[in-house]
2 protein chains.
Amino acid sequence: MATARDVAERAGTSTAVVSYVFNNGPRPVSADTRRRVLEAAAELDYRPNILARALSAGRTYSLGLLIPQIRNPYFATLAEHLENFARQHDHLLLIGDSAGDPEQESAHIGSFIERKVDGVVLVSLLVEPAIQRFAAAGVPVVALHPVPEGVTVSTLSIDYVAAAEASTDHLLSHGYRTLGVVTGPEDSPGTSEHRRGIERALDKHPRASARYVASPVSRFAARDAVQPWFKQKRPPRAIYCSTDEQAFGVLFAAWEAGLRVPEDVAVMGFDGTSECTVTVPPLASVRQPIEETARSAVELLLDRTNTQAARHVLDYALVPSTSCGC
Amino acid sequence: MATARDVAERAGTSTAVVSYVFNNGPRPVSADTRRRVLEAAAELDYRPNILARALSAGRTYSLGLLIPQIRNPYFATLAEHLENFARQHDHLLLIGDSAGDPEQESAHIGSFIERKVDGVVLVSLLVEPAIQRFAAAGVPVVALHPVPEGVTVSTLSIDYVAAAEASTDHLLSHGYRTLGVVTGPEDSPGTSEHRRGIERALDKHPRASARYVASPVSRFAARDAVQPWFKQKRPPRAIYCSTDEQAFGVLFAAWEAGLRVPEDVAVMGFDGTSECTVTVPPLASVRQPIEETARSAVELLLDRTNTQAARHVLDYALVPSTSCGC
DNA sequence: TTGTAAGCGTTATCAC
DNA sequence: GTGATAACGCTTACAA
């Protein structure tokens, strides 16, 4: 593999100039010299050694994505978009999948810091400790979930409370009086926001009631979580899920229990992954702007001028479908 | 951040010894010195700079995974297991998702080579060109799909022909006479193996016939691909899919067309992802040994002694379920 | 068993 | 505009 020294020799100049050319700075280079360098580089098929560059310049041209579970289509989609935008900016995306395990998340945090990623997109189980560690290491972070007041970090998310309210309200407006709610684990970020939105909607429908169950964000866990309801004489007439992933499990549990969706039980997901359009039956959901989230996250992380921690709120969209009775 | 020099000073020794301690070699260190170094390191919270280590030693302690689509649960599961095993060996897993696009795959190949990963797990769209580039760059590769004879590379896979034959035979043994086959794109690795296996099974059931359609490996594409069949007077009585991902789309298409599974049309997937157990109805499939594949792949890549290119054949398992009529 | 010092391939300072 | 040269932090001959 050719090095900058090889290119410099061939172009009759120095490694410094080769560096100036390839980085467009920090010193100017005459048009003629630049041409000779580029020619020599092309002839030798020179590519700067990223590792050396990283060591010297302190930038790795990589971004980290820390998520609870890559198998969740929402995160898989997010990863795809982030990777695209990262590539457009000549960055590599590292994916850290915690598999719902705080210890694994912690290991990934260490790994990202060790490898000196230029920034991290965070969907954390630990939230505050995670943010602290990255802050201490000087790694810029964008969090995609609700973060407690007072924690200094950029966030990029929809208004979860409003979205949960809108979704629940939609269900209750169908006339469904008994609501089942599947949230994530008690302490996971977002759970309280979903609850808050649901309570608000319930306030507007005084004759409706709700029962709650917390479940890991997995279709398998969610199926298990709602099975008891479906064995009861009077299962909830409608089920609100805080993620599509869980809703997939609920659709299955209903089928397994011999309940028709939406005739016997209506189901609403959350995230609006495209997988919703091909479930049996198609799943109503709240669409998150995944692509826009990814684009903004990459821009925020790579824009070295803007170091302000700002909280950005994106738009969501309610997407009715067969599963909610439309 | 503390450096080896800091640790050396504090322990009253040299950076060389610090290195010997942290790498268990290549020179021996006295028990006492080792202890002093470890103490100093602990006090300073020293962690070797991976970038510097990589530049100097030529190893990055990272593995690459190149796949067509992270949203496919089979690949997502594979990624999870690989990441676990990689972590157990103190390696980071880089995931390159080509999204079915050869250009993106090509970009990832360049990226992996540039970043000097220690090895690559390959599920390629391009196969031979990909293998060539890694070979030229001296990057060890394990391919998880069928590879043309004569190409020198380690492979790790089930016997696709036998598995396809067993699966098809299972369907035909139910008495289904008309078979629909959904394969991947014509030129994708594996497609011809599936075909070969199917032909063999058909030979054993002379009264059965098959029609074929090639489709990108996506549930959405597969739904579109089989829709015409389901609009016909006589749709195929059973459908064989070369991936679960496609079978998910087929289940949806059947529902959409008002056909019952398995009463009107039976469906068989391939890969045996756990998502099969919670589809409506549960999907019969051929289970691939994903975890074992991941374990072996990591071991093969990290075992620097064994540089032989060997073709390893793993076991598959036919998993009947509701969708095939059991 | 330990220490010195020469890389690894960049970047960027500073003098010209 | 350009070119020596000193980092960056580690590994590893080689010498002691």
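As the structure is a prediction and not an experimental result, all values here were calculated from the model.
- Ala57(B) comes within 4.0 angstrom of the backbone, heavy atoms only, and of no base.
- In this structure, Pro26(A) and Met1(A) both approach DNA chain C, and ranking their closest nucleotides by distance from the 5' end singles out Met1(A).
- In this structure, a donor-acceptor pair under 3.5 Å is present between the side chains of Thr60(B) and Ser62(B).
- Of the two residues near DNA chain D, Arg5(A) and Ser19(B), the one whose nearest nucleotide lies more 5' is Arg5(A).
- Note: Leu300(A) CG to Arg295(A) CZ = 12.0 Å, rounded to the nearest 0.5 Å.
- Using a 4.0 Å heavy-atom cutoff across all strands shown, Phe22(A) reaches no nucleic acid atom at all.
- In this structure, Asn23(B) reaches the dT11(D) phosphate: one of its side-chain N or O atoms is under 4.0 Å from OP1 or OP2.
- Summarising the local packing, CZ of Arg311(A) is surrounded by more than 12 heavy atoms from other residues, nucleotides or ligands at distances under 6.0 Å.
- Here the NE2-CG distance, from His89(A) to Asn84(A), works out to 11.0 Å after rounding to the nearest 0.5 Å.
- To the nearest 0.5 Å, the span separating CG on Leu51(B) from CZ on Arg115(A) amounts to 8.5 Å.
- The residue Arg47(A) sits close only to the backbone: its heavy atoms come under 4.0 Å of sugar-phosphate atoms, none of a base.
- Looking at heavy atoms from C-beta onward, Val298(B) lies in side-chain contact with Leu82(B) at the 4.5 angstrom threshold.
- Note: CZ (Arg27(A)) to C1' (dG1(D)) measures 10 Å, nearest angstrom.
- Within the nucleic acid shown, Pro48(B) comes within 4.0 Å of sugar-phosphate atoms alone, with no base atom in reach, counting heavy atoms only.
- Across all strands, Thr15(A) comes closer than 4.0 Å to base atoms (heavy-atom distances).
- Comparing Ala52(B) and Thr13(B) against DNA chain C, the residue whose closest nucleotide sits nearer the 5' end is Thr13(B).
- For dC10(D), neither phosphate oxygen OP1 nor OP2 lies less than 4.0 angstrom from any side-chain nitrogen or oxygen of Ser56(B).
- Nucleotides of DNA chain C that come within less than 4.0 Å of any heavy atom of chain A span, from the 5' end to the 3' end, dG9(C) to dC14(C).
- Residue contacts shown for Ala4(B) are limited to sugar-phosphate atoms, with no base heavy atom under 4.0 Å away.
- No cation-pi contact links Arg71(A) to Phe75(A), judged by a cut-off of 6.0 Å to the six-membered ring centre and 45° from its axis.
- At the heavy-atom level, Arg53(A) lies under 4.0 Å from the strands shown only through sugar-phosphate atoms.
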